[in-house]
Engineer: 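Submitted below is the structure of interest, expressed as C-alpha cells.
Just so it is clear, the values below take in all heavy atoms, side chains as well, and ignore hydrogens, waters and symmetry mates. Positions are given from 1, in the same order as the sequence printed here.
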Amino acid sequence: MGSAHERSVDRRAGLTALVAMIASGRRGAIRAVVLAVAAAMLISLFAVGSAAASSGHRTLYVAKGGSNTNHCTYWAPCRTISHATSVAPAGSTVVVRAGTYHEQVFVTKRLTLTGEWGATIDGRGLLGGLPPLNSQGIIGMAVLVAGPAASGSTVEGFIVQHAPAEGILVASTWNVSIRNNNVHDNDLGATATFDPMPSECAAQGEVPGDCGEAIHFLSVANSRASWNKVHDNVGGFLLTDEAGPTHGNVIANNVARNNKLDCGFTLPSHNPDAVADPTKGGVYDNTIIGNVSIGNGGAGIGMFAPFPGAASYDNQVIGNIVRNNGEAGIAIHAHTPGENVSGNVIVGNRISGNGVDPDFVDSTTRIGIMLGSAAVPVSVTVAANRIAREDVGIYRSGAIHALGLRSNHFSSTVTTHIH
C-alpha cells in the first residue's frame, strides 16, 4: 500500500501530469486524466482506511441497557461510550448499539469507534474539553479525537448532534478516519449563549463565529473524512492550522448541505507563521474530491488566507458537485501582503447556481469560481470544470495567473464566461 509519504507523492505526480497535459493544449485528454487521478486517490483512501480499521486488540460493547460495572462484553455491555473508551486498550474496537447517548466522547488513544444503526451521540449543553485545547476555549464538541496516541483511530456509523461547538473535532494527530457519519444541528453556540462559551463561537471582527463547524480537522495530517452526511450546522467541513500544519488529508464522497451560515468545505489558514515556517502552520496538499456541496450559506468550497503569514496552498479540488450555495461556488482568497494561496488546483468540478463574493465583487453578481487577491500574485490551475447558471463563470480579481482556463466548459446560462 505504501507509506503516507509515498501516497502523497503519488497524488502530486498525478496532478503534475494533469497540469502538463493542460499546458500542452491537449484538451481532449483532460477528462481521462482527471478520472485517472481521482481513481488513484480513492484507491489510496480506502486502502489506508481498511488497514487502520483492522488492528483492534479487543472488542467492547455499549448499550443503553448496559452497566458501567460490566466488562463491556457482547452479553454484558457498558452503559456509556465514555466508559468503554476509557477502559479499552489501545487498538481496540468499541461497538455502540442503537440509542441516544447524551455525552461527550474523547478518544486519546488508537481506537475504532463504530456505531450500529441509530447510535446517536448527543452533545446538547455539554461544555467539556481536554487539555491543552480547553485552555484555549476549544470546548463543547460532541466527539474529540486528539493527540499523537490517537493516531490510527476511526469514528464511523454515528449520528452526531446538538453540540455547542463541533460535532466531530480531530486535533493534533494523524492517520484518522471519519466515515459514514450523519452530523447535523451542531454549532449551537452560534445562536445560543453558553457559560463558558466555546472560543470558536466568538465573532472575529465582521466575521461571525463558526463554532468549529460540523467536522473540523485542526492541525491534522494524512487523515480522511469520507461518506459523511453533514447538514444543518453553521458550516460543513473545516480544515485549519492553529497548532501546526494541516496537510495530506483526503475529504472524499461527503455531502455538505444546508449549513446555513458558512461554507460547505473551508480550508482557511489561521496561523500567522505559516508562510515563514511551514512546520508551524499552513493548510496544504489536501484533496477535496467527489463531494457534494449544496445550499450552504457561504462558498461551496473555499481556500482562504485572511491575514499576513497565513497560507492555504497546493490543495486539490477535484470532481465535486457545487450547487446553489450563498456565495461563490469555489473561492480562493488572499487579502493582504505576505500570504500564500498559490498552487491550488480546481479541476473537473460541476458548478451551478451559486451566489456572490462580497469580499471582491458587488453583492449581485453570481460567481461560479472566484479567484481573488488584494495584494499578492497568485498562480493556480482551473481546468475542465463545467459551469452553469452563473453571471460570471470564472471571476479574477487582482494579480491572478490561472492555468487551464480555456479547458473549462460554460453553458448558455453563464452570462460572462471569464472575467
Engineer: Decide yes or no on side-chain hydrogen bond (donor to acceptor under 3.5 Å, both in side chains) for Ser219 and Asp241, but give the supporting numbers first.
Structural biologist: CA-CA 5 Å; Ser219 301; Asp241 61 347; over 6 Å; no

Engineer: Could you give me the CA-CA distance, side-chain angles and deciding distance for Thr59 and Val95, then say whether side chain to side chain contact (heavy atoms under 4.5 Å, CB included) is met?
Structural biologist: CA-CA 7 Å; Thr59 300; Val95 178; 3.9 Å; yes

Engineer: Counting N and O atoms only, with roles assigned by atom type, does the side chain of Lys229 sit under 3.5 Å from a partner on the main chain of Arg257, one being a donor and the other an acceptor?
Structural biologist: no

Engineer: Look at the side chain of Asn249 and the backbone N and O of Ser223, then say whether any donor-acceptor pair between them is shorter than 3.5 Å.
Structural biologist: yes

Engineer: Assess whether atom NE2 of His71 is packed by more than 12 heavy atoms of other residues, nucleotides or ligands within 6.0 Å.
Structural biologist: no

Engineer: Please report the shortest heavy-atom distance between Leu111 and Ala88, naming the atom on each side.
Structural biologist: CD2-CB, 3.9 Å

Engineer: Taking the six-membered ring for Trp, are the ring centroids of His335 and Phe360 within less than 6.0 Å of each other?
Structural biologist: yes

Engineer: So how far is it from Ser67 OG to Arg79 CZ, rounded to the nearest 0.5 Å?
Structural biologist: 8.5 Å

Engineer: Does the side chain of Pro268 reach to within under 4.5 Å of the side chain of Thr240, using non-hydrogen atoms?
Structural biologist: yes

Engineer: Taking Asn320 for the side chain and Val322 for the main chain, is one N or O donor matched with an acceptor at less than 3.5 Å?
Structural biologist: no

Engineer: Can a donor-acceptor pair be found, under 3.5 Å and without considering hydrogens, that links the side chain of Asn315 to the backbone of Asn286?
Structural biologist: yes

Engineer: Taking side chain as C-beta onward, heavy atoms only, is Ile394 less than 4.5 Å from Val382?
Structural biologist: yes

Engineer: Counting only heavy atoms not in Arg350, do more than 12 fall under 6.0 Å of its CZ?
Structural biologist: no

Engineer: How long is the span from the CH2 atom in Trp174 to the CZ atom in Phe217, to the nearest 0.5 Å?
Structural biologist: 14.5 Å

Engineer: Give a yes or no on whether the backbone of Gly295 and the side-chain of Asn324 come within a donor-acceptor separation of less than 3.5 Å.
Structural biologist: no

Engineer: Count the heavy atoms belonging to other residues, nucleotides or ligands that lie under 6.0 Å from CZ of Arg323, then report whether that count exceeds 12.
Structural biologist: no

Engineer: Would you name the heavy atoms of Ala119 and Val96 that are closest together and state the gap between them?
Structural biologist: CB-O, 3.6 Å

Engineer: Is there side-chain contact between Thr80 and Asn68, with heavy atoms separated by less than 4.5 Å?
Structural biologist: yes

Engineer: Could you go through Leu130 and Leu144, starting from their C-alpha distance and side-chain angles, then the distance that decides it, and tell me whether this counts as side chain to side chain contact (heavy atoms under 4.5 Å, CB included)?
Structural biologist: CA-CA 9 Å; Leu130 290 177; Leu144 172 63; 3.8 Å; yes

Engineer: Which is it for Met370 and Ile332 under the side chain to side chain contact (heavy atoms under 4.5 Å, CB included) test, yes or no, and what are the steps along the way?
Structural biologist: CA-CA 6 Å; Met370 178 71 218; Ile332 297 175; over 6 Å; no

Engineer: Can you name the side-chain hydrogen bond (donor to acceptor under 3.5 Å, both in side chains) partners of Ser342, sequence neighbours left out?
Structural biologist: none

Engineer: Give, for atom CG of Asn254 and atom CG of Asn228, the distance between the pair rounded to the nearest 0.5 Å.
Structural biologist: 4.5 Å

Engineer: State, yes or no, whether a side-chain contact exists between Ile367 and Asp391 at a heavy-atom distance under 4.5 Å.
Structural biologist: no

Engineer: For a quick test of reading the model, state the closest non-hydrogen atom pair linking Phe194 to Gly125 and the distance between them.
Structural biologist: CE2-CA, 4.1 Å

Engineer: Tell me whether Asn354 contacts the main-chain N or O of Asn325 through its side chain, where contact means a donor paired with an acceptor under 3.5 Å.
Structural biologist: yes

Engineer: Out of curiosity, Leu218 CG to Gln136 CD, how far, rounded to the nearest 0.5 Å?
Structural biologist: 8.0 Å

Engineer: On a heavy-atom basis, which atom in Ala225 and which in Phe237 lie closest, and how many Å separate them?
Structural biologist: CB-CE2, 4.0 Å

Engineer: Report the residue from Asn385, Val392, Ile301 that forms a side-chain contact (heavy atoms from CB on, under 4.5 Å) with Ile369.
Structural biologist: Asn385

Engineer: Would you name the heavy atoms of Pro245 and Lys280 that are closest together and state the gap between them?
Structural biologist: CD-C, 3.9 Å

Engineer: State which residue, out of Ile139, Ile81, Ile121, Leu126, fulfils the side-chain contact (heavy atoms from CB on, under 4.5 Å) condition with Gln104.
Structural biologist: Leu126

Engineer: With heavy-atom distances below 4.5 Å as the criterion, would you say the side chains of Glu390 and Ile351 are in contact?
Structural biologist: yes

Engineer: If the plane angle is over 60° it's perpendicular, under 30° parallel, otherwise tilted; pick one for His333 and Phe304.
Structural biologist: tilted

Engineer: Between Arg110 and His57, is any pair of side-chain heavy atoms under 4.5 Å apart?
Structural biologist: yes

Engineer: Determine whether Leu238 and Ile215 make a side-chain contact, defined as any pair of heavy atoms from C-beta on separated by less than 4.5 Å.
Structural biologist: no

Engineer: His231 vs His184 aromatic rings, parallel, tilted or perpendicular, using cut-offs 30° and 60°?
Structural biologist: parallel

Engineer: How long is the straight-line distance from CG of Leu261 back to CG of Asn296, given to the nearest 0.5 Å?
Structural biologist: 10.5 Å

Engineer: With Val170 as reference, evaluate Val107, Ile178, Val155, Val143 under the side-chain contact (heavy atoms from CB on, under 4.5 Å) test and give the passing residue.
Structural biologist: Ile178

Engineer: Asn271 side chain to Asp273 main-chain N or O, any donor-acceptor pair under 3.5 Å?
Structural biologist: yes

Engineer: Please lay out, stage by stage, how Leu127 and Asp195 fare under the test side chain to side chain contact (heavy atoms under 4.5 Å, CB included).
Structural biologist: CA-CA 8 Å; Leu127 294 167; Asp195 185 15; 5.7 Å; no

Engineer: Under 3.5 Å, is there a donor-acceptor pair between the side chain of Thr246 and the main chain of Leu239?
Structural biologist: no

Engineer: Quick one: is the NZ or CZ of Arg97 closer than 6.0 Å to the six-membered ring centre of Tyr74, and within 45° of its axis?
Structural biologist: yes

Engineer: Atom CG in Leu60, atom OG1 in Thr93: separation rounded to 0.5 Å?
Structural biologist: 8.5 Å

Engineer: Indicate yes or no: does Glu156 engage Arg179 in a salt bridge with an N to O separation below 4.0 Å.
Structural biologist: yes

Engineer: Minimum heavy-atom separation for Met141 and Ala163, please, with both atom names.
Structural biologist: C-CB, 4.2 Å

Engineer: Can you check side-chain hydrogen bond (donor to acceptor under 3.5 Å, both in side chains) on Asp122 and Thr120, steps first, answer last?
Structural biologist: CA-CA 6 Å; Asp122 189 307; Thr120 301; over 6 Å; no

Engineer: For residues Thr266 and Met303, determine if any side-chain heavy atom of one lies less than 4.5 Å from a side-chain heavy atom of the other.
Structural biologist: no

Engineer: For Ser135, which residues count as a side-chain hydrogen bond (donor to acceptor under 3.5 Å, both in side chains) partner, sequence neighbours excluded?
Structural biologist: none

Engineer: For Lys260 and Asn233, indicate whether the former's side chain and the latter's backbone hold a donor-acceptor pair under 3.5 Å.
Structural biologist: no

Engineer: Would you confirm whether Ser226, through its side chain, and Ala252, through its main-chain N or O, come within 3.5 Å as a donor-acceptor pair?
Structural biologist: no

Engineer: Set out, in order, the CA-CA distance, both residues' side-chain angles and the distance that settles side-chain hydrogen bond (donor to acceptor under 3.5 Å, both in side chains) for Arg224 and Asn175, then state yes or no.
Structural biologist: CA-CA 7 Å; Arg224 298 149 299 279; Asn175 194 28; 3.0 Å; yes

